[in-house]
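Letters A, B, ... are given to chains in the order of the sequence lines, protein chains preceding strands, and every chain is numbered from 1. All values reported here derive from a predicted model rather than from experimental measurement. As a basis for the values below, the full set of heavy atoms in this structure was taken, side chains included, without hydrogen atoms, waters or symmetry mates.
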Protein chains: 8
Amino acid sequence: MIKSKIIMDFDRYRRCGIEEAVMCEFKSIGQINEILLQAGQQQRRLLLTRLRAEKFNALMPELQPQLQFYQECDCALLGALELPTTAATIAIVSGGSSDANVCHEARLTLNYHGINCDLFQDVGVAALWRLQQILPELQNYDLLIAVAGMEAALPTVLAGLTDAPIIAIPTSVGYGVAAGGNVALLSCLASCAGGVMTMNIDNGYGAACAAIKIYRKINKHST
Amino acid sequence: MIKSKIIMDFDRYRRCGIEEAVMCEFKSIGQINEILLQAGQQQRRLLLTRLRAEKFNALMPELQPQLQFYQECDCALLGALELPTTAATIAIVSGGSSDANVCHEARLTLNYHGINCDLFQDVGVAALWRLQQILPELQNYDLLIAVAGMEAALPTVLAGLTDAPIIAIPTSVGYGVAAGGNVALLSCLASCAGGVMTMNIDNGYGAACAAIKIYRKINKHST
Amino acid sequence: MIKSKIIMDFDRYRRCGIEEAVMCEFKSIGQINEILLQAGQQQRRLLLTRLRAEKFNALMPELQPQLQFYQECDCALLGALELPTTAATIAIVSGGSSDANVCHEARLTLNYHGINCDLFQDVGVAALWRLQQILPELQNYDLLIAVAGMEAALPTVLAGLTDAPIIAIPTSVGYGVAAGGNVALLSCLASCAGGVMTMNIDNGYGAACAAIKIYRKINKHST
Amino acid sequence: MIKSKIIMDFDRYRRCGIEEAVMCEFKSIGQINEILLQAGQQQRRLLLTRLRAEKFNALMPELQPQLQFYQECDCALLGALELPTTAATIAIVSGGSSDANVCHEARLTLNYHGINCDLFQDVGVAALWRLQQILPELQNYDLLIAVAGMEAALPTVLAGLTDAPIIAIPTSVGYGVAAGGNVALLSCLASCAGGVMTMNIDNGYGAACAAIKIYRKINKHST
Amino acid sequence: MIKSKIIMDFDRYRRCGIEEAVMCEFKSIGQINEILLQAGQQQRRLLLTRLRAEKFNALMPELQPQLQFYQECDCALLGALELPTTAATIAIVSGGSSDANVCHEARLTLNYHGINCDLFQDVGVAALWRLQQILPELQNYDLLIAVAGMEAALPTVLAGLTDAPIIAIPTSVGYGVAAGGNVALLSCLASCAGGVMTMNIDNGYGAACAAIKIYRKINKHST
Amino acid sequence: MIKSKIIMDFDRYRRCGIEEAVMCEFKSIGQINEILLQAGQQQRRLLLTRLRAEKFNALMPELQPQLQFYQECDCALLGALELPTTAATIAIVSGGSSDANVCHEARLTLNYHGINCDLFQDVGVAALWRLQQILPELQNYDLLIAVAGMEAALPTVLAGLTDAPIIAIPTSVGYGVAAGGNVALLSCLASCAGGVMTMNIDNGYGAACAAIKIYRKINKHST
Amino acid sequence: MIKSKIIMDFDRYRRCGIEEAVMCEFKSIGQINEILLQAGQQQRRLLLTRLRAEKFNALMPELQPQLQFYQECDCALLGALELPTTAATIAIVSGGSSDANVCHEARLTLNYHGINCDLFQDVGVAALWRLQQILPELQNYDLLIAVAGMEAALPTVLAGLTDAPIIAIPTSVGYGVAAGGNVALLSCLASCAGGVMTMNIDNGYGAACAAIKIYRKINKHST
Amino acid sequence: MIKSKIIMDFDRYRRCGIEEAVMCEFKSIGQINEILLQAGQQQRRLLLTRLRAEKFNALMPELQPQLQFYQECDCALLGALELPTTAATIAIVSGGSSDANVCHEARLTLNYHGINCDLFQDVGVAALWRLQQILPELQNYDLLIAVAGMEAALPTVLAGLTDAPIIAIPTSVGYGVAAGGNVALLSCLASCAGGVMTMNIDNGYGAACAAIKIYRKINKHST
C-alpha cells in the first residue's frame, strides 16, 4: 500500500527562514505537475530549480501560465516576484561568462526571498586587472558569493583581499581534468586563504540559502 | 641567489580581519623557529596550528616559554590570550567525542580573535534524542559550526531545524570507506538541507576564520 | 563453435527462494526476445528489470501482450501477478519523490514473490517532522527498506530510532559530487548507526531479494 | 563554554535492541578512561571496539582489571560475558585466515548480545572444494555473515547456493589495487547474486548489529 | 607543414605475429575511408574494431561492399575470412549473455588469424551448476578467455578449477558502482587464484592478440 | 543589478604575448554572439576554440561570413590568418590519427600567433620503426609537442632521444580505463624521462600558448 | 563454535599445476606458525610470500632452520629448492633496479616450480639503447614478464617488438601521481600494443603462476 | 640467470643534454652503493635525489666523504659543484616556506648543470601584495618555475601577469582534500591562464630538467 505520496515542507520557512523549493532534475513531469497543483491549492509560492526548458514545456498547459520561466538559469517561479528595492549588500562575483547560469540561479533565489544582490561577471584571475578594477567596490559588501570553474582561484584571491565572508560555488565549467567541476570544488576546499566556505558544484540555490541565513542574522535588528 | 625567505603577512588583519597564523605541519623546526623569532622581534602575536607535541618540544628552548601549547588541538599561541567575556553567539556542535581536537582548534581560533563560543559535543544523529534535548538552546545562536565524521548527517539535520547558517567541518574520523574523512566531506557538500557551507576536512581553523568574518558583519554596528 | 547460448537459471527458486529475473539494460532486443520465448515454452513466469519503455516497445509484437509493463520502474512481468493479501510487515521508506522508481522496483519484486509491503515517500531528514510523524507506525514493521539519494542520512536516522533491520538503497539522485549516487552509497556504508546494510546504487531489485530471504526466515514457521 | 562533554547513549538498547558500544580508534586515552568511569558509575556493560593492545595497556591501571581484552579482534568488554547456550542459527564464513580479526569482532558482538554463532574459516572460492564440503551444513543456518578480502567472490557464490540472507563484510586484506579493501567492497556491492547486503570494510561490529536485529525478528515469538 | 598523415603498420605481422587492425571509435569517417583506400591499394586485409553500424553505413559507398560487417561485435573485415577447420584449443567462457559482443570481438579476431575457438555463454557463478556442468569439457582446452562484468567472479572460480592459463576480460556490463566495468576490472586484478591475467575493460581484441601469441608458442612445432 | 557582463581581456597580448581567445564549449549562442560583436566593434582578431559545427552554424548569420571555421579542430577565427613563412622550429608529433583534432588545435593556435610548425602523425611507440624513421629530422627542432592517448608512451620515448623540451598533450582517445584520457595524462606526469611538461587532456590550445612563450624567448634577439 | 580453522589447499597442484603458497602480509605470527607446523606434519613444501624479515625472525625458533629466507624478495621456502638445469625459455625484463624485489619474487616462484628463467634489469625506455642492445636475445624467449613502475612504457614497447606473449607487472615504484603503482597499472592495461596481459601491482608471484600455466601448455609434449 | 644488473645511462647527456641522476627512494642501500662504485670507477659525476638522511648515513663509509649531502632537499652529489657565475635568467617562485625542499631540489639540479637561478619564496596568492611587490623583477626572467601546494593558484596568477613560460610544480603540502598534492596538481593542469606546463607532484628534479632543455635552446647561440 502507498501510505504517503508527495509531502511538501511548507513549514520550512518558519523553522529555517527558507521557502520550500523543488529540485526538478530527477522528478517526472507527472510528479512536478502534482507538486504544482498541491502548491496551487494551498496558495503557496514555489521556486522550481534545475528545470530544463523541454521539461517546463511538457508541464500541464494550464499550469504554465501560472509560472514565470527563467531560461538563463533553468528555473521557474510559481507566484509573483517582487524585486527588492533596498541597496544590495551581497555581491555575486564570477570568473567567466560560462558561469552565468549558476550566478543567475543564486540571484533569483535571493530575489525570491526579497533580498537584493549585485552581479559582477568575467573577473577571473587570469586577467587580474579586471578584479583589481572593481576591488574597491567589492570591499563594501557584507557577503561575497564567488562563482568559478576550471582551477577556481577566484575565491582564494578574493578572500585575501576583503573582510567579507566568501561563499564559493565551484562550477562544472571545464574539460579534461576539470570536467564536471571537481577541480574547482577541490581548489575551493583547499583554499589557503581564510574565510572561504564551499558549496556543491553548480549549487547556486544552496549558496543563496546560506546567504539568506547570514543576511537575516546581519540584518535581524533592522528588519 | 635566494631573493626572499620567509615573509609574514602581518597586514592580513587590516585587509581581512584575520590575524596571521602559521600552519606548521609541513614546516621544519628551523623554519618555525625563524618565524617565531621574526614575530617576536616585531612584537606580534601568532597562532600556530597543526603543531604536534613532539615538534613543539623540539623548538628552540628559549622560545618555548613564550608559547602557550594546547595539546587538545595541537596548537600554540605566541602572546597572551584574553578570554572573551561577552555571551557566546556562536555554537560549535559535534557528532562524537572523537571530533574533539577539531572542535578545540575552532574554539581556540575564535577565542584568539576575541570571540566567545559554546561547545556541544556527542550529539550525533544516531541517537537523535541527544540533539533534540539541546535544540531549543541551539536555536538561539547566530551561527553554528557543525563538526562530524563518518557519514556526517549532523549538519543536514541541524540545517533543517534552525535558521542559523551552518559551517560544516567534516572530520577524518572513520575507517574503511570513511577513512580520511572523505565520506563526511561529500555528505556535507551533498546536503539536501539549505544553508550548509563546507570546509576542508579537519579544518577547524578555517571554519573559525569564516565564522569570524560573519561574526564581524553581524556585530559591525555594536562594536 | 558456439557451445551454449542463453541458459536460464530456473532452478534458482529451489536453491535460494528467489525466482529467475532478467536485467535487460545491457541485453539486445534479440536476446530479450529469445529469453521470453524460452520462458514461454517452459511456461515460466519471469521478471524483467531495467527495461526502458523504448526497448519494451521494440520487442516482438506477439510477445508484448503476454507482458505487463510497469512504467514507474521500467520493469515488465511475464505471467500474472497476484497481489498479496496478508498485512505488510515490510516498509519501503524514501527520502524524496525523485527516488520513486527505485521504490517501485523493490515493491514489484516483493509483490512478484507474493510478499506485501507498504510505501512511505518524501520523509527525508531535511524536514525531520515528516519522519517523526510516521515513526510510531514505522516501528511496527519487521524490516525497513530505506531509499535515499544526495547525502542519504535517512537510513542512519531510521536505524537509530527503530529495532528493525534496515536495508539501505542509495539512489543516483543528485548532481555535482552527488551525481550517480556515490555520496549516498558511501554515506550508507559509513553509517554510525547499528544495523544498516547497503545495496548497490538504485538496486531496488536486489534489496527486495535480500528482504525476501529475511522475510522467509522470519515467517518460516507460519508458512 | 563547554556545554556538554561525553554523553553515552545507554538508551540505545530500548530503542534498537543494540547495546551502547564505543569505537576507540579515534579517541584519546583520556576520553576512553572517562567513558569507562561513567559506565562503571552507572553499572553499565560496555563493548569497546578497535582498541589496540597498546591503547588498552595505557588505560588507567584500576580500570584494566574490570575489562576483558580480546587480542584476536582488538576489543574489550566491561562486565561479564555469558556465552550463549542455544544452538547457533547464524554462521560466519570467511575466505581466508587473514580475515580472522573481523570474524572475531562479529562473533564477540553477537555473543555480547547473548546470541550464538558458528565460525567457518578458510573457505575462499579459489579452492571451491573447501566450500562445497561444508555447504550442506551451511544451508541449515538462518543467516550467513560472509567475510572476504581481495576480490571477495565468496558472498556471491554463497548467495547463489543457499536461501539464507547474506551479510557481506569486505575486509582490508589485499595489496596493490586491493589495498584497503576497496575491491572487496565494490565486488560485494556489485554482486549479481540475490540477497547480498554489504557493510563497510572490516565492519564486523556493524554486521553483527544487523544480524542481531534480524535474529530478534526471526526469533521474536520464541523469546 | 604536415609531414606525415596516416601510416599503417603492415610490418606488424612479421614482428609480432599480429595483423594490423584499426580501432575506429575515435577516427572520423574521412580517416577510415583513407585507411581503407590505402589498405586496398596495397592489397592488404584489415580488421576494423569498435565500428558502430551508423559509422559503417557512412563510409564511402564503393568501400562498403568490400567489407564484411559483424553487427554482433561492431567489427568489419576487409578481405575474406577463411574459417579455421582444426579443433578448437581455446575456449571463450562468459558470465552472461550481456557480455556477448565482447566474446564475439575476441572470437572474430582469433578466426581472422586462422585460429579456432569455442564459445560458452551464460555460466556466471551466481548459478554455479551451469559452470560445473561444462567443467570437464573446459578442462581440455589449452587456454581460457573468461569474460565477465559486474563483480566478475568467473575468472577466479575458473582459475581454481583448471590448469589452463586464464585471460580475463572485464566487461562494462553493470550499473551503480559497477557502471563502466571498473569493479569487474579490479576484481580480476585482485583475484586470489593463480594464473589470471587481465585485459582492459571490453578489450576482446586485445585478449585475442595475447591468445594468438600464446597459441603460436604452444603450437610452434606443429605448424 | 548586473554590474558587469562580458569583459574581454584584449590587454593579454601586451602582458603575456598571447592573444585573447574564447573557449566556447560552455558558452551559450547568445554569449558568443555578444563576444563577436564586441570584438568586431573594437576591430580585434579573435580565436574561438571548442566550438562545435552545430554551434557555429547557430551563430548570427551576419557574423558567420566574418569567421573562418576549421572543422578538423572545432575552431574558428575572426580576422584573417597570415600563414607564417619562416621555417618551422616547432614540431607536433602524434601517436595516432585519432589525435588529429588536438594536433590541429595546437597548429592553428601557433599559426594564429604567426609561428610556423610541422606536424608528424601516426608515430606511436607500438610500432617504433615509424618513430625511428623520422628521429633524425625530429632532432633538429627547438621544441616538440607530443600528442598521445591510451598509455601515452610517446612523450617518454621522445624525451629520452632528443635534447628538445617536450610539451606533452594527453588526449581523450581511449576506452575502458583509458576513457577520457586520464591514463594518458597520468602517464605523461609520471614520465621517468627528463624534460616532459604536461598539459590538461586535449588542451592543444594551452600547449600552443606555452610553446609561443618559449618560442618568443628563444627567438627574442632575432625578432 | 569454531567449526574450521586453517585449511591448506594442498590439492591445488593436482587441479591447477600450482603448488599451495601462503601470502603472509596479513597473517599473524601465530597463524604462520600454525600453517608451517601443519605443512611440516604432512611433509609438504611451501612457498611463503610477502614475509618481511622482522616477521620471519619472529617465527618459532624451531621452524626457522627448516626455512630458506630470500631477503631480496621477502619470501621463504619450506623444503629444498632444486634449481632447474634446462635452458630458460622465460625472460623477466625490468625497467629499473628499483623493481628488483618484484623480479626476484617471480623468479623464485618459477624456480620453486622447477622452471628456469633469465633476468634482464634496468632496460627502461627512457634510455632505449639499453633495450635495443638486448632485443635480439629477448626475441628468442617463449614468454616475457615485463616489470615496470612509473609510467611503465616497457611492456608496450616490448609488445611491439617481439612475438612473445607479455605478462606485465606494474610496480609500486613511483611518487606523486605514480605513488603506489596505479599509473603503471593503468598504463599496462591501456597499452595500444597487442598481447600485453596485466597483473595486480607488485604481483610477481601471480605473474609467475600464469607463466607456469603457459609454460606447461607450451612444453606439455616434451615433459 | 641474471643477465644484467645495474646499467647506468651515462650517454644521456650526449642525447638529451641531461646528466644521469639516480632516484634513491625505492632503491636499497646495496643498490645505491653499487651505483656509486660504478660511477666512481668510471670517474662520473652523479646527482642522487630523494635520498633521506638516514639512507645517506647508511651508505658505505668510504663512499660518504666523496658525496656532498644537501639536507634541505634530500639530495647528494658525487663530484664537485661549480656554482654558475652568469646572471640568473630562471626564477623559482614558491607559495610558502613549506615548499622549500622542492625549490631546493630544482635549484640544485640547475646548478649541477651549470645554470644559475634565483629563488623567491612565500609569495602565495592569499597575500597578493607579496607577489605584486616582486612582479617587476619577475618580469625580467626568461623562465619561471612556480612551486605551490594547497589550491596552487600561484602558477595561474603568474601566467596572467608575465610573458615567461611557466613550469608549475604542485607540491604535496596540504591536508584533507589537499593531502598528497593532488588538488595542487589538478589546479595547475586546469589553469585557465595560457602557458602553464605541469610536472608531477614534488618533481623539482624533473622541472629543472625541462628548464635546462629550454635554457639551452634559448642560449644556444651564446654558448
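For chain F, no part of H/Leu143 is nearby; none of its heavy atoms comes within less than 4.5 Å. Of the atoms belonging to H/Arg12, not a single heavy atom falls under 4.5 Å from chain F. Only the side chain of F/Leu185 comes within contact range of chain H, with at least one heavy atom under 4.5 Å from a heavy atom of that chain. With a 4.5 angstrom heavy-atom cutoff, H/Tyr141 touches chain F only via backbone atoms.
Remark: side-chain polar atoms of H/Lys213 are paired, donor with acceptor, to backbone N or O of F/Gly194 under 3.5 angstrom.
Taking every heavy atom of both residues into account, H/Gly160 and F/Cys16 meet most closely at O-SG, 3.4 Å. Taking both residues in full, the closest heavy atoms of F/Met199 and H/Val196 are given as CE-O, 3.3 Å, listed atom of the first, atom of the second, then distance. Across all their heavy atoms, H/Cys209 and F/Gly195 have their closest contact at CB-N, 3.8 Å. H/Thr198 approaches F/Leu189 most closely through the heavy-atom pair O-CD2, 3.9 Å.
The CG atom of H/Leu186 sits 9.0 Å away from atom CG of F/Asn200, with the distance rounded to the nearest 0.5 Å. Here the CG atom belonging to F/Asp142 is positioned 11.0 Å from the CD1 atom belonging to H/Ile214, to the nearest 0.5 angstrom.
Checked options F/Arg14, F/Lys217, F/Arg216; the residue passing with H/Asp163 is F/Lys217 (criterion: salt bridge (charged side-chain N to carboxylate O under 4.0 Å, His left out)).
Residue-level contacts of residues 108-120 of chain F with chain H do not occur; threshold 4.5 Å between heavy atoms.
Applying the ring-ring contact (aromatic ring centres under 6.0 Å, His included) criterion to H/Phe26, with sequence neighbours excluded, gives no partner residue. Residues passing the side chain to side chain contact (heavy atoms under 4.5 Å, CB included) test with H/Ala193 are A/Ala126, H/Thr156, H/Ala159, H/Ser191, sequence neighbours excluded. By the salt bridge (Lys or Arg N to Asp or Glu O under 4.0 Å) test, F/Arg44 pairs with no residue at all, sequence neighbours left out.
Residue F/Gln43 qualifies as open at atom CD: its count of foreign heavy atoms under 6.0 Å is 12 or below.
In terms of non-hydrogen atom pairs under 4.5 Å with chain H, the most contact-rich of F/Ile18, F/Thr162, F/Ile166 is F/Thr162.
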